[in-house]
There are 2 protein chains.
Amino acid sequence: MSELSKRRLKTWIRLLGVTRAAEAELREFLRLQHDTTLPRFDVMAALWRRREGLTMSELSRMLLVSNGNATAVVDRLEKDGLARRRPSETDRRTVFVDLTEEGLRAFEGMAEGHEMEVDRLLSDLDDADLEAMVTLLRKMKKDRK
Amino acid sequence: MSELSKRRLKTWIRLLGVTRAAEAELREFLRLQHDTTLPRFDVMAALWRRREGLTMSELSRMLLVSNGNATAVVDRLEKDGLARRRPSETDRRTVFVDLTEEGLRAFEGMAEGHEMEVDRLLSDLDDADLEAMVTLLRKMKKDRK
DNA sequence: GTCTAAAACTTTAAGCTTGAAATGAATCGG
DNA sequence: CCGATTCATTTCAAGCTTAAAGTTTTAGAC
């Protein structure tokens with residue numbers, strides 16, 4: 001194993017640690033301030049961004065979760081009256097999901113606090129740092145398959 | 001909401017996306033090549049690094065998971081004969097966990113492949129990139145509480 | 001010494017997550 | 001049209017994860 005490879009491994013472990021710690025803080029914020037969870041927030045954020053509705057497949061692809069997982073989270077949001085399923089008129093396989101009025105209001109009530117939390121978590125990164133970070137992430141993302 | 005705050009949010013979302021995608025590839029590697037999971041690998045790696053054994057509390061702190069979670073994963077590893085619990089002689093509350101012979105061999109059989117996978121995932125980052133990344137992560141990590 | 005608080009774990013209930021299998025629907029080649 | 005394949009989704013079993021509550025043990029205050 002090369003020296004470089006070992007350095008990549010250490011960097012990866014550190015990256016994972018920092019993101020997990022940050023996620024834990026966000027999760028705690030959502031639980032204490034809004035009595036909800038990160039997966040629910042993520043789904044609601046996706047539905048908020050695409051107000052016209054998303055298919056289940058689009059949703060799971062956007063969030064990088066399995067299709068069965070998306071089904072489960074949407075089930076619970078629907079049970080709580082925050083999301084809604086609507087069958088497609090043209091393709092009877094597909095289902096559109098969107099937020100209900102209540103879901104929209106609930107998300108709007110959380111979004112600003114969430115952004116403030118993230119702002120706090122990254123508060124030591126200035127514009128130049130953010131640009132550097134994005135550049136590095138873009139390099140990592142490049143398709144390798 | 002300031003412009004900078006919005007940029008931090010976008011950067012965070014991207015960071016999360018990239019690490020989740022990388023984690024998914026590692027998970028797939030572990031499943032296909034070694035019929036195991038990321039949490040199990042993480043626990044085994046921690047036990048490998050600290051060969052003399054770890055308490056359950058140390059383990060959950062190292063991995064940033066709840067204590068109940070550590071209990072569950074160690075239960076399964078123990079059932080499979082890969083890890084072992086040993087009560088402390090001086091403090092009857094604490095339990096030491098370590099890898100069995102079989103666990104050591106199993107981990108050694110996976111470690112190189114895992115490092116190669118990570119090397120591949122970060123293959124577009126050279127030494128300078130890695131240093132830049134670590135610097136940024138250190139900034140993020142700084143205590144904010 | 002005794003009482004109280006803290007610590008180390010485990011247990012529990014609920015929710016999250018995955019991969020695989022199942023269902024039902026659309027598409028495509030012939 | 002028909003049969004095979006692909007596609008969108010759900011269901012399922014197993015494992016992961018958390019927060020909270022519970023158990024047992026240790027340590028500290030007095």
Side-chain angles (χ1 to χ4, degrees), chain A residues 16 19-21 23-44 53-80 82-97, chain B residues 16 19-21 23-44 53-80 82-97:
Chain A
L16 216 44
T19 58
R20 281 184 186 171
E23 272 193 278
E25 296 206 30
L26 287 178
R27 189 163 30 241
E28 190 183 7
F29 162 76
L30 289 172
R31 180 173 58 86
L32 296 179
Q33 304 298 316
H34 299 286
D35 191 30
T36 189
T37 66
L38 204 42
R40 290 169 71 111
F41 181 86
D42 287 345
V43 167
M44 292 179 78
L54 282 167
T55 69
M56 293 301 288
S57 301
E58 290 171 328
L59 187 56
S60 56
R61 234 177 300 120
M62 276 179 69
L63 303 181
L64 300 180
V65 301
S66 66
N67 40 9
N69 188 353
T71 295
V73 177
V74 169
D75 280 351
R76 282 184 287 267
L77 288 176
E78 199 171 25
K79 188 161 60 64
D80 294 344
L82 301 172
R84 183 178 52 153
R85 276 182 172 90
R86 311 185 52 191
S88 161
E89 313 237 327
T90 61
D91 184 337
R92 279 192 294 176
R93 293 171 301 179
T94 78
V95 187
F96 291 105
V97 198
Chain B
L16 217 43
T19 58
R20 281 183 186 172
E23 272 192 278
E25 296 207 30
L26 287 178
R27 190 162 29 244
E28 191 183 6
F29 162 76
L30 289 173
R31 180 173 57 86
L32 297 179
Q33 303 298 317
H34 299 285
D35 190 31
T36 190
T37 66
L38 205 40
R40 290 169 71 110
F41 181 86
D42 287 345
V43 167
M44 292 179 77
L54 281 167
T55 69
M56 294 299 289
S57 301
E58 289 172 328
L59 187 57
S60 56
R61 236 177 298 120
M62 276 179 68
L63 302 180
L64 300 180
V65 301
S66 67
N67 40 9
N69 188 352
T71 294
V73 178
V74 169
D75 280 353
R76 282 184 286 269
L77 288 177
E78 199 171 25
K79 188 161 60 64
D80 293 345
L82 300 172
R84 183 179 52 154
R85 276 181 172 91
R86 310 184 53 191
S88 161
E89 313 236 326
T90 62
D91 184 336
R92 281 192 293 177
R93 291 171 302 179
T94 79
V95 186
F96 292 104
V97 198

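What you see below is based on every heavy atom in this structure, not just the backbone, and it leaves out hydrogens, waters and symmetry mates. Just so we're clear, the structure is a prediction, and the values are computed from it rather than from any experiment. Letters A, B, ... mirror the listed sequences (proteins, then strands); counts begin at 1.
Note that the CG atom of B:N67 and the OG atom of B:S57 stand 7.0 Å from one another [nearest 0.5 Å]. The distance from the CG atom of B:L16 to the CG atom of A:D42 is 7.0 Å, given to the nearest 0.5 Å. Separating the CZ atom in B:R76 from the OG1 atom in B:T71 is a distance of 10.5 Å, to the nearest 0.5 Å. The OG1 atom of B:T19 sits 6.0 Å away from the CD atom of B:E23 when rounded to the nearest 0.5 Å.
When the P atom of D:dA19 is taken as reference, atom CD of A:E23 falls 13 Å away, rounded to whole Å. Taking atom CG of B:D35 as the reference point, atom P of C:dG19 lies 13 Å away to the nearest angstrom. Protein atom CG of A:L30 is 12 Å distant from nucleotide atom P of D:dA19, rounded to whole Å. Rounded to whole Å, the distance from CG on A:N69 to P on D:dT17 is 13 Å. With rounding to whole Å, A:E89 atom CD is found 17 Å from C:dA26 atom C1'. Nucleotide D:dT18 holds its C1' atom 14 Å from the CG atom of B:L64, rounded to whole Å. The CG-P distance, from B:L32 to C:dG19, rounds to 9 Å in whole Å. Remark: P of D:dC7 and CG of A:L59 are 19 Å apart, rounded to the nearest angstrom.
Of the possible donor and acceptor atoms, one in the side chain of A:D91 sits under 3.5 Å from a partner among the backbone N and O of A:R93.
Put simply, A:T71 has no side-chain N or O that comes within less than 4.0 Å of OP1 or OP2 on D:dT11. Close to C:dA20, at under 4.0 Å from its OP1 or OP2, lies a side-chain N or O of B:R31. For the OP1/OP2 pair of C:dC9 and a distance below 4.0 Å, the side-chain nitrogens and oxygens of B:T55 include at least one atom meeting the criterion. Phosphate proximity of D:dT18 to A:T37: absent, as no side-chain N or O sits under 4.0 Å from OP1 or OP2.
Ranking C:dC9, D:dT10, C:dT17 by closeness to the A:A72 side chain, first place goes to C:dT17. Out of C:dT17, D:dT10, C:dA8, the shortest distance to the side chain of A:R85 is found at D:dT10. Side chain of B:R93, nearest nucleotide from D:dT10, C:dG24, C:dA8: C:dA8. Distance from the side chain of A:N67 is smallest for C:dA20 among the nucleotides C:dA20, D:dT18, C:dC9. For B:M56, taking side-chain heavy atoms from C-beta onward, the closest of the listed nucleotides D:dT10, D:dC16, C:dC9 is C:dC9.
Each of A:R27 and A:F96 was assigned the nucleotide of DNA chain D with the nearest heavy atom; the assignment lying further toward the 5' end belongs to A:F96. Where B:R61 and B:G68 each meet DNA chain C at their nearest nucleotide, the meeting point lying more 5' is that of B:R61. Position along DNA chain C of the nearest nucleotide to A:D91 versus A:R40 favours A:R40 as the more 5'-ward residue.
One cannot find a donor-acceptor pair under 3.5 Å joining the base of C:dA25 and the side-chain atoms of A:R92.
If you check every strand for non-hydrogen atoms under 4.0 Å, A:T94 touches sugar and phosphate atoms only. Within 4.0 Å of A:S57, counting heavy atoms only, lie sugar-phosphate atoms of the nucleic acid but no base atom.
Sparse packing is recorded around CZ of B:R86, with 12 or fewer heavy atoms of other residues, nucleotides or ligands lying under 6.0 Å away.
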